[in-house]
Amino acid sequence: MASRPRGVTAPALPLLAVGILIAALALVPLGYVLWTTAELGRDEAVEFLWRPRIGELLWNTVRLLVCGVLTSVAVGVAGAWVVERTDVPARIWWHGLLCAPLAVPAFVNGYGWVSMTHDVQSFPGAVMVVTLSYFPLVYLPTVAALRRLDPSVEEVATALGKTPWQVFFRVTLPAISPGVLGGALLVGLHLLAEYGALQLLNYPTLTTAILQQYATVFNGPEATLLALVLVVFCLLLLAVELLLRGRRPRARVGAGASREFAPIRLGRHKRWVVGSLVLLTVWSLGVPLASLARWLARGTSAGVDVGELSGALWSTLLLAVLGGALATAAAVPVVWLAVRHRNLLTTAIERSVYTASAMPGIVIALALVTVSIRLVPAFYQTMVLLLIGYLILFLPRAVVSVRSTFELVPPGIEEVARSLGCTGPEVARRVTLPLVIPGMAAAAALVALAVSTELTATLLLAPIGTDTLATEFWSDASSIAYGAAAPYALALILLSVPSTWLLARLSMRSRS
Amino acid sequence: MNAALEIRGLEAGYGRTPVLHGLDLVVPSGVTSILGSSGCGKTTLLRAVAGFVQPRGGTITVAGTEVVGGRRSVPARQRKLGYVPQEGALFPHLTVARNVAFGLPRAERRDSAARVAEALELVELASELAGRYPHELSGGQQQRVALARALAPRPKLVLLDEPFSSLDASLREETGRAVVRALRAADAAAVLVTHDQGEALSLADQVAVMVEGQFLQVAPPTTVYLEPADPRVASFIGHASLLPGTVDASGAGRCALGIVTTQSPVGAGGAAQFAVRSEQLQVRSADTDGVPGEVLDVSFFGHDATIRVRLESGEHVAARTPAGSVPLAGDRVRVGVVGHVVAFLA
């Protein structure tokens with residue numbers, strides 16, 4: 001019965017026009033990359049890319065990508081399994097502590113480490129710092145997948161005489177692999193887009209090179225070519241993930257796996273498991289926070305420029321609120337079209353919004369700079385352009401959040417409302433929107449928090465004189481004024497706490 | 001007075017798949033149930049009447065007003081029908097009172113306490129529930145609120161799409177009867193879609209049996225049960241065993257159960273199919289009269305039991321027996337027929 005197609009109706013024209021407009025905006029970065037590639041001479045491109053310097057950047061990027069993703073997956077999955085499946089003491093606290101590194105932006109983490117020891121300015125150091133920052137991106141979906149997985153499957157394997165290791169590798173891991181892969185993909189995309197942390201660690205990659213090019217020659221073809229290479233990397237990553245995911249049989253996850261089950265006894269292993277968790281927490285949270293505390297104590301003695309701090313705080317809040325509202329307002333028509341008027345066009349609109357999630361912030365920013373200078377110079381160096389940048393960058397998150405609540409509104413409810421005499425807009429106002437408000441609020445909050453700690457795109461797009469907490473932090477930290485950067489680092493961490501808390505709660509609630 | 005619902009030559013489908021093939025149905029008043037297995041098109045029919053599916057042909061007339069005809073189609077919101085989908089689909093963000101008042105015109109919504117109380121009384125719910133939210137209600141209460149919401153604007157026709165399928169068996173019967181009482185009290189006709197024949201037969205004044213997008217028979221419950229118009233109706237509704245045989249002009253038939261008398265003269269006679277309802281078959285001990293056979297399996301229900309017997313001729317039949325005399329699987333028994341059976345000429 002449920003598989004029967006519901007009466008799919010044609011969407012109202014104004015709604016469709018808005019959707020197409022948003023999709024067109026979201027496609028600007030991709031269009032820019034394709035267009036400039038087509039515009040560049042082939043010889044010129046080959047000559048530029050065929051240099052030892054580029055080879056070194058590629059090698060750096062690839063080995064960081066491979067090692068960073070692998071270590072993040074190892075740490076994230078191991079942590080999730082321990083928290084979710086064993087009798088480790090104080091599980092809920094460990095869950096919180098393993099999510100918490102998300103609240104320390106990667107560039108703040110890099111600052112914490114580099115201001116403590118310069119030994120991290122190396123390849124192993126870079127891998128370690130990005131792993132400590134990004135392993136929660138694997139940990140969270142893995143915990144959620146483990147919660148949804150019917151434990152009786154694992155119990156059956158145990159009853160068939162398998163050891164815990166065999167059960168994990170032969171039953172659990174294949175079943176949760178979609179979640180793990182999704183997390184690994186996120187880590188990969190973040191690593192490709194990471195600028196601040198790697199710049200502080202003095203580890204040059206494609207992204208740091210693009211910003212350096214941009215800083216020295218403004219907007220030359222070199223930056224564009226590097227951006228193109230970066231986008232190719234992102235697309236390759238997506239393709240690899242699709243390929244790996246596609247070959248696995250879809251594990252049917254039990255719908256009613258709500259019962260409790262007996263956790264695996266750690267027994268004599270408990271000591272070193274807890275010890276590892278403590279070490280991980282000290283490394284990922286303790287070091288950056290201790291370093292921050294040290295600089296705060298020293299920095300305040302040197303005096304904090306309160307005016308600058310409050311100015312940055314004010315513009316950050318303003319941008320965050322505007323960015324969150326804008327992205328949420330844009331997400332609603334996209335989701336509405338995709339869920340309630342599903343056809344080829346509306347699906348294409350939704351998909352084109354998602355293309356931005358494969359675009360590093362730096363490419364989006366570069367695209368907007370170029371396009372605005374060539375087509376609408378009036379927008380260049382304005383808040384409008386910066387907000388459009390945030391919109392494109394964070395719209396995928398808003399769409400996912402709004403969509404998840406929208407799909408919970410059964411179409412039957414809207415049909416009942418129509419049979420009781422409501423017009424289309426009345427159904428939206430009296431039934432659908434009131435039910436979607438929690439999702440919209442969550443979307444706005446998530447985007448606002450992401451905006452408030454965004455660095456890379458802000459560096460390129462913020463009009464001169466508009467300083468956010470992140471850019472103020474950056475101008476101090478990158479000129480080794482560690483003490484002056486400390487208050488901004490603290491503010492950035494505080495701003496990241498709520499969304500981290502929300503994500504941690506959501507992953508724990510997924511057993512229902 | 002106009003019929004509450006009149007459907008002529010209705011055709012509908014999804015994409016290129018036709019689902020309904022030229023249906024005709026008249027609902028004068030009272031409750032008409034559409035009975036069919038899942039996937040037969042009964043929900044599509046209901047949604048076409050409600051206005052959520054655009055038919056390809058035919059006409060639909062609700063209380064004298066044509067809502068579908070030719071290229072014209074009245075939007076769902078202007079059809080003035082009550083619609084109760086599966087699971088009730090109450091608005092989760094509104095209280096019971098505001099759910100019930102939802103379909104009233106804006107002016108009446110402001111001061112709707114009396115109308116809400118009246119509607120809740122119709123469906124036999126205490127008025128204290130008016131302030132509750134849907135998640136604070138039991139399944140049966142939710143279903144009644146959904147009906148109250150549909151009845152509040154005083155429609156001439158209410159459409160119910162498997163409204164009781166999500167309820168426990170014990171609640172289902174009680175809620176069903178309460179719903180029918182409410183419909184009668186509100187003087188509204190109803191179309192009840194269901195796959196449960198007990199529900200269809202016990203609640204409706206008229207039953208329309210649907211198979212693959214077509215009505216096999218539209219008649220009162222007793223007629224559908226006792227005088228099925230089609231072998232498929234007989235096997236679906238009466239769990240009748242279908243046996244091949246011959247019948248002569250006088251109405252006497254011959255089949256694996258021996259000589260049987262048919263319900264009505266069948267005219268010329270010839271090859272025929274007999275439908276024997278399970279309660280017409282008596283399973284007796286091996287030393288009495290009847291056709292010999294072997295018990296295949298027994299399903300014991302408490303108040304009675306269904307016994308599947310393989311006759312010596314190889315045919316399988318199902319018989320219903322009182323709880324006191326249930327044989328065991330493998331027993332040799334004899335099977336006799338009580339009363340007239342229905343014959344369909346081949």
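Keep in mind the model is a prediction, meaning the values are calculated, not measured.
With contacts defined as side-chain heavy-atom distances shorter than 4.5 Å, the pair F52(B)/S419(A) qualifies.
For P85(B), the side-chain contact (heavy atoms from CB on, under 4.5 Å) partners at least two apart in sequence or on another chain are V416(A), Y83(B), A89(B). With sequence neighbours left out, the side-chain contact (heavy atoms from CB on, under 4.5 Å) criterion links A448(A) to A320(A).
Residue R56(B) places its CZ atom among more than 12 non-hydrogen atoms of other residues, nucleotides or ligands, all under 6.0 Å distant. Within a 6.0 Å sphere centred on CD of Q78(B), heavy atoms belonging to other residues, nucleotides or ligands number more than 12.
The two atoms that bring L90(B) and I413(A) nearest to each other are O-CD1, 3.3 Å, heavy atoms only.
Residues of residues 422-436 of chain A lying within less than 4.5 angstrom of chain B, judged on heavy atoms, are C422(A), T423(A), R429(A), R430(A), V431(A), P434(A), L435(A) in numerical order.
Proximity to chain A (any heavy atom under 4.5 Å) is shown, for L104(B), by neither the backbone nor the side chain. With a 4.5 Å cut-off on non-hydrogen atoms, R98(B) does not touch chain A at all.
Note on A50(B), P92(B), P153(B): by heavy-atom pairs under 4.5 Å with chain A, the leading option is P92(B).
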Would you tabulate the side-chain donor-acceptor contacts of residues 129-140 of chain B under 3.5 Å, counting partners in other chains and residues two or more places apart, or write 'none'?
unit_1  : atom_1 : unit_2  : atom_2 : d
E136(B) : OE1    : Y133(B) : N      : 2.7
S138(B) : OG     : Q141(B) : N      : 3.3
S138(B) : OG     : Q141(B) : OE1    : 3.4

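Rounded to the nearest 0.5 Å, atoms CZ (R77(B)) and CD (E415(A)) are 14.5 Å apart.
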